[in-house]
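Reviewing the structure listed below.
All values below were derived from every heavy atom in this structure, side-chain atoms included, with hydrogens, water molecules and symmetry-related copies excluded.
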Amino acid sequence: MLEEKFLEVYDKFKLEFFRRIFELVREREGSLSAMEAFSIEVIHALHEPTIGQFADFLNISQSNATYKVNNLIKKGYLQKQNSEIDRREYHLVLTEKYYGYTDIMRSYVQTVVGRMDESFSAEEAAEFTALLGRISDELMPEANSFSEK
């Protein structure tokens with residue numbers, strides 16, 4: 001029952017996100033393809049990765065990752081920024097154009113959280129927040145290594 005409900009909520013978030021993405025990325029000059037939309041979401045979640053980190057995470061070649069990154073740069077969603085530690089290396093930094101796009105998902109999350117605020121008591125909201133924290137911090141160790149940058 002827990003697994004079914006978890007997947008139901010997860011699927012609803014994904015489907016709403018995908019619906020909104022496809023509304024946004026209709027075939028027009030400079031729009032994102034579905035694969036580019038997914039790629040930029042990975043870059044966002046990895047918090048300014050290098051191309052190598054992006055390639056490693058997706059288990060793709062460095063040249064394939066570079067190709068994807070260059071397309072996102074051309075379209076204005078991404079830029080390269082030299083590392084302060086090693087000037088030969090650069091990090092992938094999202095642009096303001098990306099943040100206009102990412103508001104799609106955040107706005108739906110805000111809608112759902114607003115509904116939770118209206119529906120849940122303060123105690124229920126605090127307990128749910130604590131449970132989400134435990135899930136993120138303790139029960140998803142594979143994902144923690146990518147989000148702790």
**Request:** Check Lys75 against Glu36 and note the closest heavy-atom contact, atom names and distance.
**Result:** NZ-OE1, 2.7 Å
**Request:** Would you please test Arg115 and Glu118 for salt bridge (Lys or Arg N to Asp or Glu O under 4.0 Å) and show each step?
**Result:** CA-CA 5 Å; Arg115 291 172 183 157; Glu118 293 172 6; over 6 Å; no
**Request:** Quick one: closest heavy-atom pair of Lys68 and Ser39, and the distance?
**Result:** CD-OG, 3.7 Å
**Closest contact, heavy atoms only, Ala65 versus Phe54** = CB-CD2, 3.7 Å
**Counterpart residues, side chain to side chain donor-acceptor pair (under 3.5 Å), relative to Tyr90 (two or more places apart)** = Lys80
**Asked** How close do Gly52 and Gln62 get, heavy atom to heavy atom, and via which atoms?
**Response** CA-OE1, 3.6 Å
**Request:** Give, for atom OH of Tyr77 and atom CD1 of Ile40, the distance between the pair rounded to the nearest 0.5 Å.
**Result:** 7.5 Å
**Complete:** Rounded to the nearest 0.5 Å, the NE2 atom of His91 sits from the CD1 atom of Ile43 at a distance of 13.0 Å
**Item:** More than 12 heavy atoms of other groups within 6.0 Å of Glu96 CD
**Value:** no
**Prompt:** Which atom names give the shortest non-hydrogen contact between Lys12 and Tyr108, and what distance separates them?
**Reply:** O-CE2, 4.5 Å
**From CG (Leu94) to CD (Gln79), nearest 0.5 Å** = 9.0 Å
**Message:** Would you say CD of Glu89 has more than 12 non-hydrogen atoms from neighbouring residues, nucleotides or ligands within 6.0 angstrom?
**Reply:** yes
**Request:** Going by the side-chain contact (heavy atoms from CB on, under 4.5 Å) test, name the single residue among Thr50, Val42, Ile73, Ile51 that passes it with Leu92.
**Result:** Ile51
**Asked** When rounded to the nearest 0.5 angstrom, what distance separates CG in Leu58 from CG in Leu46?
**Response** 7.5 Å
**Prompt:** What is the distance from atom CG of Leu2 to atom CD of Glu4, rounded to the nearest 0.5 Å?
**Reply:** 9.5 Å
**Message:** Is any side-chain heavy atom of Phe128 closer than 4.5 Å to one of Glu124?
**Reply:** no
**Request:** Using a 4.5 Å cut-off on heavy atoms from C-beta on, say whether the side chain of Val112 contacts that of Phe13.
**Result:** yes
**Message:** Is the ring pair His47/His44 parallel, tilted or perpendicular, if the boundaries are 30 and 60 degrees?
**Reply:** tilted
**Asked** How far apart are the C-alpha atoms of Phe57 and Gln53, what are their side-chain angles, what is the distance that settles it, and do they pass the side chain to side chain contact (heavy atoms under 4.5 Å, CB included) test?
**Response** CA-CA 6 Å; Phe57 180 81; Gln53 290 167 331; over 6 Å; no
**Message:** Under 4.5 Å between side-chain heavy atoms, counting indirect links through other Ile/Leu/Val/Met/Phe/Trp/Tyr residues: same cluster for Val113 and Leu132 or not?
**Reply:** yes
**Asked** Between Leu78 and Val69, which heavy-atom pair has the shortest distance, and what is it?
**Response** CD2-CG1, 4.0 Å
**Prompt:** Rounded to the nearest 0.5 Å, what separation is found between the CE atom of Met116 and the OG1 atom of Thr129?
**Reply:** 7.0 Å
